[in-house]
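To start, the structure itself, in C-alpha cells.
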Amino acid sequence: MSDETVQGVVRAPGPLGIHARPAAKISQAAQGYLSSIVISSEAGAVDAKSILDILSLSAGPGTSITIRATRPDAQAAVQQLTEIISRGT
C-alpha cells in the first residue's frame with residue numbers, strides 16, 4: 001500500500017455553495033474510497049465521508065475548498081470530489 005497524499009483545490013460554486021444535495025454526493029462518493037479524505041476551508045477541516053461534517057463548513061459560493069486524500073486511491077478520490085464540488089449538483 002502506498003502512503004501517497006494528493007491534494008486539490010476548488011471553489012464552491014454559486015449561487016448556493018455546498019448545500020445538502022452536493023454534500024450528500026460528496027460524502028457518498030468519498031465513502032467509496034479506501035483513502036482517508038479531508039475537506040477543508042477557512043472554517044476548518046472535516047471528514048469528507050460525513051455529510052454533517054461537510055455541511056458544518058458552511059461553504060458559501062466562492063469559498064476555497066481543499067481536498068486532501070492519503071493512501072492507495074488518493075488520486076482518483078481527489079479527482080472525483082473536485083469534479084463533484086465544481087459542478088455543484
Side-chain angles (χ1 to χ4, degrees):
M1 242 196 251
S2 170
D3 280 340
E4 175 186 28
T5 297
V6 178
Q7 179 173 303
V9 179
V10 65
R11 293 226 174 253
L16 301 174
I18 299 178
H19 54 90
R21 185 171 295 131
K25 289 183 179 184
I26 293 164
S27 66
Q28 187 174 38
Q31 290 169 23
Y33 292 98
L34 297 174
S35 292
S36 170
I37 309 169
V38 173
I39 295 179
S40 59
S41 73
E42 63 260 0
V46 300
D47 181 358
K49 296 179 181 185
S50 168
I51 185 173
L52 293 177
D53 285 357
I54 295 167
L55 288 171
S56 75
L57 290 176
S58 299
T63 301
S64 180
I65 304 292
T66 301
I67 304 159
R68 184 176 296 115
T70 304
R71 292 220 189 37
D73 51 6
Q75 184 68 44
V78 169
Q79 182 176 348
Q80 183 180 18
L81 296 184
T82 299
E83 290 171 5
I84 291 170
I85 292 170
S86 65
R87 282 196 313 259
T89 56

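E42 contributes atom CD, which lies 10.0 Å from atom OG of S58 (distance to the nearest 0.5 angstrom). In this structure, the separation between CD1 on I65 and CD1 on I18 is 4.0 Å, given to the nearest 0.5 Å.
T5 is linked by a side-chain hydrogen bond (donor to acceptor under 3.5 Å, both in side chains) to T70, counting only residues two or more places apart in sequence or in another chain. By the side chain to side chain contact (heavy atoms under 4.5 Å, CB included) test, T82 pairs with V10, I67, V78, sequence neighbours left out. Annotation: side chain to side chain contact (heavy atoms under 4.5 Å, CB included) contacts of Q79 (sequence neighbours excluded): E83. Residues satisfying the side chain to side chain contact (heavy atoms under 4.5 Å, CB included) criterion with T66, sequence neighbours excluded, are Q7, V9, S40, R68.
When all heavy atoms are compared, the tightest approach of A29 to L81 is CB-CD2, 3.8 Å. In plain terms, the two heavy atoms of P13 and G88 that are nearest each other are CG-CA, 3.4 Å. Taking both residues in full, the closest heavy atoms of A69 and A74 are given as O-CB, 3.4 Å, listed atom of the first, atom of the second, then distance. The minimum heavy-atom distance between P61 and G14, with the atom names listed, is CB-CA, 3.7 Å. Scanning both residues, A23 and L55, for their nearest heavy atoms gives CB-CD2, 3.8 Å. The minimum heavy-atom distance between P22 and G17, with the atom names listed, is CG-O, 4.2 Å.
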All N/O donor-acceptor pairs, side-chain side in residues 43-54, below 3.5 Å, sequence neighbours left out:
residue	atom	partner	partner atom	Å
D47	OD1	K49	N	2.9
K49	NZ	Y33	O	2.9
K49	NZ	S35	O	3.0
S50	OG	D53	N	3.2

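Under the 4.5 Å side-chain heavy-atom criterion for ILVMFWY residues, a single connected hydrophobic cluster contains both V6 and I85.
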